[in-house]
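Throughout, a chain's letter reflects where its sequence line sits, starting with A, and its residues are numbered from 1.
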Protein chains: 2
Amino acid sequence: MQNSCMIDSKLKVLQMVAQHGTVTAAAEALHYTPSAVSYRVRQLAEELGVELLAPSGRGIALTAAARVVLRHAEALYAEAERTYTELAATADEPTGLFTLCGFSTAASRLLPPAASDLRERFPQVTLRVIEAEPVRCFDLLLSGDADLALVTNTAETPPASDERFDQKPLLDDPLDLVVPEGHRLTRLPGVDLADAADEPWIVGSPGTTYHHLVMNACMTAGFTPNIAHQADEWETGTALVAHGFGIILVPKLARLQDWPVVRLPLAGESAPVRRVLAATRKGKRDHPLVAAALDRISSSSTLPPAQEGA
Amino acid sequence: MQNSCMIDSKLKVLQMVAQHGTVTAAAEALHYTPSAVSYRVRQLAEELGVELLAPSGRGIALTAAARVVLRHAEALYAEAERTYTELAATADEPTGLFTLCGFSTAASRLLPPAASDLRERFPQVTLRVIEAEPVRCFDLLLSGDADLALVTNTAETPPASDERFDQKPLLDDPLDLVVPEGHRLTRLPGVDLADAADEPWIVGSPGTTYHHLVMNACMTAGFTPNIAHQADEWETGTALVAHGFGIILVPKLARLQDWPVVRLPLAGESAPVRRVLAATRKGKRDHPLVAAALDRISSSSTLPPAQEGA
DNA sequence: TCGATCATGCAGCTATTTTGCATGGTTCTG
DNA sequence: CAGAACCATGCAAAATAGCTGCATGATCGA
């Protein structure tokens with residue numbers, strides 16, 4: 001869709017400076033040069049009659065006035081989104097560009113069928129899918145490069161209270177344990193995560209979303225995993241499992257290649273899940289294309305809808 | 001103050017087209033050429049992906065989409081004003097240009113002392129006063145050429161529910177009867193408007209605010225005035241009264257030149273008043289300069305503050 | 001039917017916006 | 001305690017947008 005006309009682009013520039021902390025980083029995000037960003041912010045400051053940026057170390061810091069402006073900017077953008085939403089709802093037929101983004105598994109399993117469905121129902125709309133990590137998904141929303149994002153919440157992800165976004169639980173993606181064929185756990189009637197406490201574990205690199213996910217799940221189950229190997233892709237992790245180097249957790253949504261492994265659903269109260277959220281810019285939640293996409297995703301998925309407060 | 005940066009000026013253009021009904025009139029109000037207005041609106045329409053104007057006769061008409069956009073634009077402008085207000089309230093010292101406007105009597109009796117007071121309290125602020133009829137006052141507010149307007153409500157004035165403005169009763173300006181010296185009414189202990197039912201009246205030209213005011217007052221008092229002459233300025237009207245051509249109603253706020261006339265306060269329940277309203281753009285009511293100005297006006301005036309629901 | 005009024009399109013000019021590079025300040029590192 | 005790296009800003013020049021003047025076509029009223 002459109003990149004928020006109606007609101008002066010100088011505000012977006014300021015928002016980007018705030019988001020990225022430096023003029024240079026904001027320039028990069030906007031595909032501008034630093035001097036253009038600097039000029040634009042200075043201009044906004046003059047028009048408003050206040051100081052917005054103050055030198056701080058070798059960078060800049062936001063003034064109190066800038067924070068006031070940004071807070072109101074959030075309301076302005078939300079109102080603009082509501083306008084687009086209402087226009088789209090009134091129009092006989094949505095048109096233009098609609099971009100979906102999401103983390104790897106969502107991008108491969110959830111977004112393509114949804115996009116295909118939308119393309120059929122709204123032939124005038126050009127659809128685009130971008131695979132991106134949750135943090136970048138939010139950047140894409142903010143910059144207007146994406147309209148709907150499927151994310152999992154992590155420590156780096158904006159909190160639900162962030163007034164720039166609307167985040168809504170969409171699906172709960174349960175985690176399966178993947179073990180080699182003939183593994184002792186395959187002989188149990190039902191497997192609990194705690195049963196795997198003594199196994200060698202294969203997790204993601206420290207800092208990745210997957211690393212946190214596994215660590216948190218194990219902590220919740222009452223043990224600290226014995227980390228034997230690190231693998232960031234399901235394929236690598238599955239291969240390691242097949243060769244007996246350890247075990248992994250994979251979300252149900254993830255499809256595994258054909259390896260001699262067994263996928264064990266986890267039982268019990270505290271069976272870990274990865275929660276999938278749908279995020280939009282504030283005010284866009286009721287946009288007909290957003291609503292149609294989310295409807296399609298949650299109705300066609302075999303996963304359970306997200307539980308409140310899980 | 002600033003003419004609403006933060007919000008794309010294309011919206012202001014559309015708003016002006018809506019306000020004035022034709023592209024040409026909007027262009028005039030904006031000091032643009034019609035082709036610039038046409039270009040700007042077309043551009044906005046493209047960015048939004050909707051039609052905004054449709055040919056209608058030899059002019060244009062707003063589409064439903066345009067009305068949607070305009071409704072949201074009101075919210076955007078209000079939010080922007082709240083931003084300026086908060087910035088001004090946070091800043092150590094307001095700066096920039098602040099423009100007061102008001103109808104003739106207000107401009108001569110209320111605005112100069114208020115402006116002078118503000119100039120003293122806020123030396124960084126440049127003050128400007130514009131005398132304008134109520135209808136033009138609202139135009140000035142809308143175009144950003146004025147920040148605070150003193151108006152009386154007339155039939156052409158926007159209703160209180162107009163989301164673009166904030167209107168607040170400020171003062172009730174009672175009307176006095178002006179009669180020649182030695183007139184029979186001067187001998188009554190207390191004069192009611194109905195007592196003047198049979199007198200020859202001098203009113204404003206049909207269509208003026210003053211004309212409506214007098215007519216309404218007389219209607220309310222239960223009679224239709226016998227209109228003998230028309231005069232649009234107090235000076236002219238007073239001169240006619242002095243020469244015995246009839247009687248006039250003047251607001252207490254109006255000062256009269258030295259003529260051989262007597263000014264009789266009207267008694268009774270239904271003593272007519274002219275209500276003075278303070279109008280701002282929506283969201284600007286709490287601006288420190290607005291608050292200071294209204295405070296000064298209502299506290300220094302000898303007139304009664306406006307009664308709720310009068 | 002004619003003249004007045006209105007919107008729009010186009011060529012050309014003006015003003016704004018952006019870039020590229022240079023400068024000066026600050027932090028990190030060896 | 002230098003030197004390198006990083007960051008913001010300023011300035012001239014290039015790129016882009018916005019505006020004007022005029023011409024065209026369409027509609028309405030006399």
Closest nucleotide of DNA chain D for B:Lys10 versus for A:Gly21: which of these residues is on the 5' side?
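It is A:Gly21, whose closest nucleotide lies nearer the 5' terminus.
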Expressed as a whole number of angstroms, how long is the span from [X]:[atom1] to [N]:[atom2]?
| X | N | atom1 | atom2 | answer |
| --- | --- | --- | --- | --- |
| B:Glu28 | C:dC6 | CD | P | 9 Å |
| B:Leu30 | D:dT20 | CG | P | 10 Å |
| A:Leu44 | D:dT9 | CG | P | 14 Å |
| A:Glu47 | C:dT16 | CD | C1' | 12 Å |
| A:Glu51 | D:dT9 | CD | C1' | 14 Å |
| B:Tyr32 | D:dA17 | OH | P | 17 Å |
| A:Leu53 | D:dC7 | CG | C1' | 13 Å |
| A:Asp8 | C:dT16 | CG | C1' | 12 Å |

Residues A:Glu163 and A:Lys282 bridged, charged N to O under 4.0 Å
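Counted as a salt bridge, because a side-chain N and a carboxylate O are separated by less than 4.0 Å.
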Using a cut-off of 4.0 Å on non-hydrogen atoms, how would the nucleic acid contact of [X] be classed: base, sugar-phosphate, or nothing?
| X | value |
| --- | --- |
| B:Ser35 | base |
| A:Tyr39 | base |
| B:Thr33 | base |

Starting the side chain at C-beta, find the nucleotide from [options] nearest to [X].
| X | options | value |
| --- | --- | --- |
| A:Gln43 | C:dT17, C:dA7, D:dT20 | C:dT17 |
| B:Arg58 | C:dC6, D:dA8, C:dT17 | C:dC6 |
| A:Ile60 | C:dT19, D:dA8, C:dG9 | D:dA8 |

Donor-acceptor check, side chain of B:Thr63 to backbone of B:Ala66, threshold 3.5 angstrom: yes or no?
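Yes: the side chain of B:Thr63 pairs with the backbone of B:Ala66.
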Whether A:Asp232 side chain and A:Gly204 backbone form a donor-acceptor pair below 3.5 Å:
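It does not hold such a pair.
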Phosphate contact (D:dG10 OP1 or OP2) by A:Arg42 side-chain N/O below 4.0 Å:
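A:Arg42 to D:dG10 OP1/OP2: side-chain N or O found under 4.0 Å.
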Are A:Glu81 and A:Tyr77 linked by a side-chain donor-acceptor pair shorter than 3.5 Å?
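No pair is found: no donor N or O on one side chain lies under 3.5 Å from an acceptor on the other.
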Side chains of B:Arg40 and B:Ser9 in contact at under 4.5 Å (non-hydrogen atoms):
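With C-beta onward as the side chain, the pair touches.
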